[in-house]
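Bear in mind the structure is a predicted one, so any value in this text is a computation, not a measurement.
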Amino acid sequence: MKKRILIGLGVFLALILILIVSLFAFRSRLLDYTINRVVEKVENKYPVDFTIGKAQFTDLTSVVLSDISLVPHGQDTLFRTDSVHASVGFRSLFKGRIVLRRLEVDGGNLTAVKRGDQNNFSFLFRNEAAAQPTDTTASGARNYGELLNRVLETAFDNVPDQVDFSNLSVSYTSTNRTIDIRMPYLTIEDGKIDSKVSVRTDSLINNMLVKGTIDARQYNIKASLYAAENQSIRLPYVQERVGAVVAFDTLHLGLNDKTYRKDRLTVRGSAMVNNLVVNHEKLADENIYVQEGAVNYVVSLGRNLFVVDSLTEVRVNRAKANMYASYNNAGSKIIDLKVKTEALPANDFFESLPVGLFESLEGIRAEGKLQYKMNFHVNMDSVERVVFDSDLDASENFRVVQWGKANIEKLKGPFMHTVYEYGKPVRTFMVGPANPFYSPISQISPYLRNAILTAEDAGFYKHSGFHEEAFRQAIAVNLKKGDFVRGGSTISMQLVKNVFLTRKKTVARKVEEAIIVWLMENLDIVSKNRMFEIYLNIIEWGPDVYGAKDASRFYFGKQPSELNLAESIFLTSIIPSPKRYRSSFDSYGNLRSWKGGYYRLIGGIMARRGLISQEEYDNLQPNVRLYGRARDLIVTAPDAEYEDTTEFELQTIDLLDF
């Protein structure tokens, strides 16, 4: 029995030895067969010539593939490398097939080229359905959700389990764009990614380190980009496209999963950026700095549709908000935006404001809680119906314990006021009785006060700093014009703009203005009469003319208490554009005929509201008589005599402008 067992064991070992010898004897043929199958599979799937010049074993389980190229039919070479070293799974030899377990590529070149409508890479993102003719007339636009889904699936389906690239070069060239990416190394092992990358986009170079993880089967990837060599990472083409600079130190990106149903792609993930710097003249005067910003996103893309789900949470430093946004381009362009925060500590709100965005609010400290809600909706085919609701609510115990640069408390008494032009100080004067040109509100003509309220802000004594309908109309006009042409400013907002802010029309300035107005009005720091009195004493009315007393003397040689109705309406008419005061007169010093429409409009409203009598309105004429410095500057005709103009043309005016 023992002898039989030994004989059987010997026969078994001999068979195993014969099998191993046979496998190694025929492994080259098996490798050639496998390579041919791979080439055939690739060329059947894509319109390309896939070439592997030579494949051979270098030792027991190592293979070298040389002279590899992928050339789309009729196009430039997409990929080329001299050699690829791979490890073969030993057990796969016994199964009669070869499985490459690890790839080592040295000196690979991936070159994407686009010339006009022709390119050598788009075939990778086509599927069988896309090859069939489709009716695009009903859709009206390309389905970017479908396109992105194909890109994601192509990318994840072709991620190898283990790879070790060195000196990898990736480039994209078109008639007006050049992108060159150099990777000294790129490794993927056990789902971990490690790489060093240098990206040149035209003249901009970014050097960064990339680390992360990937699970191709679950469409899950997390990657972190770190600026290398003590530099920041700067986004390319942003300055070229929109005139902005965007840079950061670290960026963390994550895709948790994706689903594609009913022609709509939904992706979920997160992103976080550290030390973000943004500069754009329409946003703020200086660099905007965010120490840390993050977003947990749920985004859907479909045909004519882009949606940021309300589950999306945005965080700026410590302030968090849920956001919903959608853009629907099926027929009309419809835009929706909703923002909502939970009640958050007031200090977290103010300390989270990006540095450089709201300079006047920096350093402010408060107690209590704040909550913000905003709802915006517009159909671009009917922008006049735009919907805009914005509310900032405070808890009962909310109070400011320390003011920043914009100390609203100073409005309670006399203060020094500096006028700025184009960011430079041009004049400083006292706002208070110590200034001989200061006028208490009781010493300013009721005609002037009521005319200004009628034209600039009829609801001043009723609202809390904001005229929602005026702001809504301003949004509609700005959307039509594609620029900041109307502001919808109340007297409270104009006061804040003049006392605390610059006159630049930036997004930051408007938001900062709104926050300061909200604080001023909701904390009841000063009365409405005090606000109006300060406003009347600081606004510009001509060349180095500030305040009602200065204006009354400059134009009419009077005290502000002596102004009549016609003079008051004239002074009101030039508030929106005081530097253009001379355009209101001809060379003889007569008001131009187009001013008649303004007089009838303002005078008529004042009469209907009981601010003037019907007799005063009936006797109102757009005539004023200039004296003093204004006459010397305006009247240029020799032997000037005033002419009585009796015909007036009604003009549409903007009562809600800046």
Residue pair [X] / [Y]: nearest heavy atoms and the distance that separates them:
| X | Y | result |
| --- | --- | --- |
| Tyr581 | Pro543 | CE2-CD, 3.4 Å |
| Ala319 | Ser352 | N-OG, 3.2 Å |
| Thr341 | Leu370 | OG1-O, 4.5 Å |
| His463 | Ser492 | CE1-OG, 4.2 Å |
| Pro436 | Lys549 | O-NZ, 3.1 Å |
| Gly542 | Tyr555 | CA-OH, 3.9 Å |

All ring pair (Phe, Tyr, Trp, His ring centres under 6.0 Å) counterparts of [X], not counting sequence neighbours:
| X | answer |
| --- | --- |
| Phe585 | Phe570 |
| Phe500 | none |
| Phe398 | Trp518 |

Practice task
Assess whether side chain to side chain contact (heavy atoms under 4.5 Å, CB included) is satisfied between Ser270 and Val295, documenting all intermediate values.
Solution key: CA-CA 6 Å; Ser270 62; Val295 58; over 6 Å; no
Could you check whether [X] pairs with [Y] (Lys NZ or Arg NE/NH1/NH2 to Asp/Glu carboxylate O, under 4.0 Å)?
| X | Y | result |
| --- | --- | --- |
| Arg509 | Glu512 | no |
| Glu567 | Arg625 | no |
| Lys424 | Glu421 | no |
| Glu540 | Lys579 | yes |
| Lys333 | Asp381 | no |
| Lys405 | Glu362 | no |

Interatomic distance, [X] atom [atom1] to [Y] atom [atom2] [nearest 0.5 angstrom]:
| X | Y | atom1 | atom2 | answer |
| --- | --- | --- | --- | --- |
| Asn450 | Leu611 | CG | CG | 4.5 Å |
| Glu313 | Arg315 | CD | CZ | 8.5 Å |
| Ile364 | Phe358 | CD1 | CZ | 12.5 Å |

Fill in the blank from the handout: Applying side chain to side chain donor-acceptor pair (under 3.5 Å) to Asn397 and not counting sequence neighbours gives Ser395
Handout entry: Over-ring placement of Arg553 relative to Phe437, 6.0 Å and 45° cut-offs
Key = yes
Problem - side chain to side chain contact (heavy atoms under 4.5 Å, CB included) between Leu571 and Ile575, worked out - result: CA-CA 7 Å; Leu571 290 178; Ile575 289 176; over 6 Å; no
Can you see whether [X] engages [Y] through a side-chain donor-acceptor pair at a distance of less than 3.5 angstrom?
| X | Y | answer |
| --- | --- | --- |
| Asn537 | Tyr546 | no |
| Glu533 | Tyr438 | yes |
| Glu292 | Asn317 | no |
| Asn287 | Asn279 | yes |
| Lys497 | Ser489 | no |

Does any N or O in the side chain of [X] come within less than 3.5 Å of the main-chain N or O of [Y], such that one atom is a donor and the other an acceptor?
| X | Y | result |
| --- | --- | --- |
| Glu562 | Gln559 | yes |
| Asp457 | Ile491 | yes |
| Thr312 | Asp309 | yes |

Problem - Residues forming a side chain to side chain contact (heavy atoms under 4.5 Å, CB included) with Ala247, sequence neighbours excluded - result: Ser232, Arg234
Practice task
I would like to know whether Lys412 and Ile525 meet side chain to side chain contact (heavy atoms under 4.5 Å, CB included); could you show each step before the answer?
Solution key: CA-CA 8 Å; Lys412 291 181 177 180; Ile525 294 173; 3.9 Å; yes
Handout entry: ring pair (Phe, Tyr, Trp, His ring centres under 6.0 Å) contacts touching residues 520-540 (sequence neighbours left out)
Key = Phe460-Phe532
Exercise for the section: Using the side chain to side chain contact (heavy atoms under 4.5 Å, CB included) rule, take His417 and Val419 through it: C-alpha gap first, then chi angles, then the decisive distance, then the call. Expected result: CA-CA 7 Å; His417 174 60; Val419 178; 3.9 Å; yes
Practice task
Could you give me the CA-CA distance, side-chain angles and deciding distance for Lys373 and Ser390, then say whether side-chain hydrogen bond (donor to acceptor under 3.5 Å, both in side chains) is met?
Solution key: CA-CA 6 Å; Lys373 292 181 291 184; Ser390 179; over 6 Å; no
